[in-house]
Amino acid sequence: MKVVTIGKRLVAVDQVAFVEAFDPSANPEFKPEKEFKARLVLLNRDIVLTEQTPEAFAAEHELHLFTEDGVAVNRDIAFRVETFEPTESFNPVKPYKTRLKWKDLAGGEQSKLLLTVPETVIAELLGAKEELAKAAKPPAKRPRRGRTGSRRMEAFRT
């Protein structure tokens, strides 16, 4: 398990759902003492701020970056992809096209809206998983056994 230290907090990278740019103007009453550039959103929607950019964090920890959104997602999480259509009760300012969904640790459903079209999200997530599968080492082969090389016989020889 890969663990990253951010300030005083230790975060398991496999618990990071996605990383996005941090906008301090979105919460004017929050006055950080450091210049945070990104926020890590964990599986359970807890937030950890970091001084790295989303691009730098994604490159260092092998997350997949959707450049149109500036959001890096964890390739190890089983995401579901849906098209997003605004409704009367929920009509965001940005023209979101995709809803990325995942299960948190308690089994609840979490989501993130993206500007990237669903087909591109699926293609990039599947392509990233295929690249990881190709890069994985094949399992080590056991040495072949000769005529008298059964495991039972080896026990008697030693």
Side-chain angles (χ1 to χ4, degrees), residues 1-140:
M1 175 175 24
K2 192 172 182 182
V3 176
V4 61
T5 303
I6 301 174
K8 295 180 182 178
R9 190 156 179 192
L10 297 172
V11 178
V13 175
D14 63 347
Q15 296 299 305
V16 175
F18 64 91
V19 181
E20 63 185 358
F22 173 67
D23 181 15
S25 65
N27 194 356
E29 56 272 355
F30 177 64
K31 305 279 188 229
E33 61 272 356
K34 296 181 179 180
E35 187 179 335
F36 295 111
K37 295 179 182 155
R39 61 185 219 141
L40 282 61
V41 179
L42 305 182
L43 288 175
N44 62 358
R45 291 297 248 177
D46 279 351
I47 294 171
V48 179
L49 299 176
T50 180
E51 296 176 60
Q52 281 187 301
T53 64
E55 296 81 8
F57 191 88
E60 184 177 333
H61 300 290
E62 299 174 354
L63 304 181
H64 181 74
L65 181 69
F66 292 107
T67 52
E68 187 175 346
D69 294 280
V71 173
V73 298
N74 190 338
R75 301 176 206 201
D76 295 333
I77 296 175
F79 288 106
R80 290 179 303 152
V81 180
E82 296 180 355
T83 57
F84 174 75
E85 301 273 338
T87 63
E88 281 185 32
S89 61
F90 184 60
N91 191 1
V93 177
K94 293 183 179 181
Y96 293 113
K97 297 176 181 92
T98 303
R99 183 184 302 269
L100 204 56
K101 288 186 166 185
W102 69 94
K103 297 277 186 184
D104 63 19
L105 299 174
E109 193 168 78
Q110 304 293 337
S111 69
K112 169 71 178 156
L113 295 175
L114 299 173
L115 299 168
T116 307
V117 294
E119 295 79 11
T120 303
V121 172
I122 290 171
E124 288 187 20
L125 284 178
L126 287 177
K129 287 191 186 287
E130 287 173 3
E131 285 176 23
L132 285 176
K134 287 178 187 175
K137 290 171 80 174

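Using a cutoff of 4.0 Å between basic side-chain nitrogens and carboxylate oxygens, Lys112 and Glu20 are scored as salt-bridged. Salt bridge present: Glu82 and Lys101 bring a charged side-chain N and a carboxylate O closer than 4.0 Å.
Taking all atoms of both residues into account, the shortest heavy-atom contact from Thr98 to Pro118 is OG1-N, 3.0 Å. Residue Ala58 comes nearest to Ala72 through the heavy atom pair CB-CB, 3.5 Å, listed as atom of the first residue, atom of the second, then distance. Considering all non-hydrogen atoms of both residues, Leu63 and Asn74 come closest at CD2-CA, 3.5 Å. Between Asp46 and Asn44, the shortest heavy-atom distance links the atoms N-OD1, 3.1 Å. In this structure, Val117 and Lys97 approach most closely via the heavy-atom pair CG1-CD, 3.4 Å. Nearest heavy atoms, Ile77 versus Ala17: CD1-CA, 3.5 Å.
Atom CD of residue Glu68 and atom OG1 of residue Thr120 lie 8.0 Å apart, to the nearest 0.5 angstrom. To the nearest 0.5 angstrom, Phe84 atom CZ is 8.5 Å from Tyr96 atom OH. For the atom pair CZ of Arg80 and NZ of Lys103, the computed distance is 5.5 Å after rounding to the nearest 0.5 Å. The line from CZ of Arg99 to CG of Leu113 is 5.0 Å long, rounded to the nearest 0.5 Å.
In this structure, Glu85 places its CD atom where only 12 or fewer heavy-atom neighbours from other residues, nucleotides or ligands lie under 6.0 Å away. By the neighbour-count criterion of 12 heavy atoms within 6.0 Å, atom NZ of Lys94 is sparsely surrounded, having that number or fewer from other residues, nucleotides or ligands.
Between Val81 and Leu100 there is a side-chain heavy-atom pair separated by less than 4.5 Å. Side-chain contact between Phe36 and Glu51 is present, with at least one heavy-atom pair separated by less than 4.5 Å.
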Item checked: Trace of the side-chain contact (heavy atoms from CB on, under 4.5 Å) decision for Arg9 with Leu40 -> CA-CA 12 Å; Arg9 190 156 179 192; Leu40 282 61; over 6 Å; no
Note to self: Would Gln15 and Leu105 count as a side-chain contact (heavy atoms from CB on, under 4.5 Å) here? Give the steps.
What the structure shows: CA-CA 9 Å; Gln15 296 299 305; Leu105 299 174; 3.4 Å; yes
Check: Which is it for Leu42 and Val16 under the side-chain contact (heavy atoms from CB on, under 4.5 Å) test, yes or no, and what are the steps along the way?
Finding: CA-CA 4 Å; Leu42 305 182; Val16 175; 3.9 Å; yes
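Counting only distance, with no hydrogens or angles, the side chain of Asp76 and the backbone of Asp14 share no donor-acceptor pair below 3.5 Å. A donor-acceptor pair under 3.5 Å links the side-chain atoms of Asp69 to the main chain of Leu115, judged by distance alone.
The side chain to side chain contact (heavy atoms under 4.5 Å, CB included) test applied to Arg45 returns Phe18, Val41, Trp102, Gln110, not counting sequence neighbours.
By the 30° and 60° cut-offs, the orientation of the rings of Phe66 relative to His64 is perpendicular.
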